[in-house]
Protein chains: 2
Amino acid sequence: MIKELEISNQKSKIIEEMGVYFECQDGMSPLSSRIFALLVLEGSKGATFEEIVEALEISKSSASTNLQLLQSMGRISYYTKPGDRKRYFKASVNSLINRLDDKIEAWKRERCLHERVASYRKNVITLTDLDKKEVEKDLSFNLQYIEFVDVMIQNLGKLKNNILQTVNQE
Amino acid sequence: MIKELEISNQKSKIIEEMGVYFECQDGMSPLSSRIFALLVLEGSKGATFEEIVEALEISKSSASTNLQLLQSMGRISYYTKPGDRKRYFKASVNSLINRLDDKIEAWKRERCLHERVASYRKNVITLTDLDKKEVEKDLSFNLQYIEFVDVMIQNLGKLKNNILQTVNQE
DNA sequence: CGTTTAGTTCGGTAAAAACCGAACCAAATA
DNA sequence: TATTTGGTTCGGTTTTTACCGAACTAAACG
């Protein structure tokens, strides 16, 4: 049927683009990205190991390795059906939340680093023969930046809670 | 002097940690990360090509390549002093804004991708023998996700404007 | 108990990324 | 005009990443 062909065509295009996106954005390996993209597309029914191997034309070993990786990152999970040995992998419901958590964690690290930069600046200011005005200006920019990061972290936290609510209320 | 040693020690630790951070977070090469970290630390006075090469113990060629890369990414810039051929490289004032822009751009791409996923789902729903209820549920989650991304983009936009204001009002 | 199914583990290879040295260039200086 | 300074470019090497095939395991089936 023509419609089916069209769909699978559309599918592989989306997988490819999503794949590249996650590769660049989240620093995952090409295969991990493609697998995750496929599972996002498949939705809650997920896909079996075999289906993944065939759809992406990859080796079983790569599939295995990358599926484990994705699980340890908290981005996918699997369920089983009674009387069926196969695993059905799917993008975990929390993959979104986990990603957000990762981002929040990253901003916190950034905050921490910039606090150290600020303290370094304070340290430098007492000692060097540099233009103190300049260093002080740098320092104040630094502190402003930290405030900004705080707002960022708060915002992300709020968003996370929003999502948690909408997910739970279902 | 002991204090100076202590400072340079502190400096190299911060550079290393910041370096790793940018490497993981923004996907830049190890050397680009270290250079950028150094320049963040140096503040508005910046550092010359030679200083960078010596401080990080890297080759001139690597320094050159990575400095060009960082410039093309909009993360650093340089100024010159009259009667001095050297370039003084520094983290560009806009590096923060540029990073934010990149993040906003990324979320927009993600939004776009998920719209395509949604349209794929609608397409599938009309055709397959799958459990329609499931697919519809997936679809609604999908649309919710897109809304979430919108909020994210808006938030980032607001933050960007805030920063632009505080920067300009100086 | 032999075979099939559903995956895992390990060793190796191919491709890509990161970095370097040497040769080079252009502007300033002697 | 020869030399020094401040970098750039290019070719090659090393390291890392990504992936695969073959051998293996554990559970289920016949």
Side-chain angles (χ1 to χ4, degrees), chain A residues 15-16 18-39 42 45-73 75-90, chain B residues 15-16 18-39 42 45-73 75-90:
Chain A
I15 289 177
E16 186 49 31
M18 261 202 170
V20 172
Y21 178 78
F22 289 125
E23 226 178 299
C24 301
Q25 212 52 38
D26 292 21
M28 24 196 209
S29 79
L31 271 192
S32 287
S33 298
R34 301 304 180 283
I35 294 176
F36 185 66
L38 171 65
L39 296 183
E42 291 299 340
K45 86 174 198 339
T48 66
F49 189 90
E50 225 193 332
E51 282 168 350
I52 294 169
V53 165
E54 279 172 16
L56 302 177
E57 302 179 80
I58 61 181
S59 71
K60 289 209 293 171
S61 57
S62 301
S64 175
T65 314
N66 285 287
L67 283 168
Q68 284 180 53
L69 230 160
L70 286 165
Q71 287 179 77
S72 73
M73 289 169 70
R75 305 201 50 167
I76 66 169
S77 57
Y78 66 83
Y79 64 93
T80 50
K81 294 178 183 177
D84 181 353
R85 263 207 296 159
K86 284 175 200 150
R87 288 178 196 166
Y88 292 78
F89 296 93
K90 55 177 201 162
Chain B
I15 289 178
E16 187 48 32
M18 260 203 170
V20 173
Y21 177 79
F22 289 125
E23 226 178 301
C24 300
Q25 212 53 38
D26 292 20
M28 25 197 207
S29 79
L31 271 193
S32 287
S33 297
R34 302 302 181 283
I35 294 176
F36 185 66
L38 171 65
L39 295 184
E42 291 299 341
K45 85 174 199 337
T48 66
F49 189 91
E50 224 192 333
E51 283 167 350
I52 294 169
V53 165
E54 279 173 15
L56 302 177
E57 302 179 79
I58 62 180
S59 71
K60 290 209 294 171
S61 57
S62 301
S64 176
T65 314
N66 284 287
L67 283 167
Q68 285 180 53
L69 229 161
L70 286 164
Q71 287 179 74
S72 74
M73 288 170 71
R75 305 201 48 166
I76 67 170
S77 58
Y78 67 83
Y79 66 93
T80 50
K81 294 178 182 176
D84 181 352
R85 264 207 293 159
K86 284 174 200 151
R87 288 176 196 168
Y88 292 79
F89 296 93
K90 55 178 201 160

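Quick note on labels: first sequence line is chain A, next is B, and so on, each numbered from 1.
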Choosing from [options], which nucleotide comes nearest the side chain of [X]?
{"X": "B/Ser61", "options": "C/dA28, D/dC10, C/dT8", "answer": "D/dC10"}
{"X": "B/Ser62", "options": "D/dA18, C/dC19, C/dA22", "answer": "C/dC19"}
{"X": "A/Arg85", "options": "C/dT8, C/dT4, D/dC19", "answer": "C/dT4"}
{"X": "B/Ser64", "options": "D/dC20, D/dT8, C/dC20", "answer": "D/dT8"}
{"X": "A/Lys60", "options": "C/dG7, D/dC20, D/dT9", "answer": "C/dG7"}
{"X": "A/Glu50", "options": "C/dA6, C/dC10, D/dG6", "answer": "C/dA6"}
{"X": "A/Ile58", "options": "C/dA18, D/dT8, D/dC20", "answer": "D/dC20"}

[N] OP1/OP2 closer than 4.0 Å to side-chain N/O of [X]:
{"X": "B/Gln68", "N": "D/dT9", "result": "yes"}
{"X": "A/Thr65", "N": "C/dT8", "result": "no"}
{"X": "A/Arg87", "N": "D/dA27", "result": "no"}

message: Under a 3.5 Å distance rule, please check whether A/Asn66 uses its side chain to pair with a backbone N or O of A/Ser62 as donor and acceptor.
response: yes
message: Should the side chain of B/Ser59 and the base of C/dG21 be counted as holding a donor-acceptor pair, with the cut-off at 3.5 Å?
response: no
query: When the ring planes of A/Tyr88 and A/Tyr79 are compared, do they come out parallel, tilted or perpendicular, using 30° and 60° as the limits?
result: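 Because their plane-to-plane angle is under 30°, the rings of A/Tyr88 and A/Tyr79 count as parallel.
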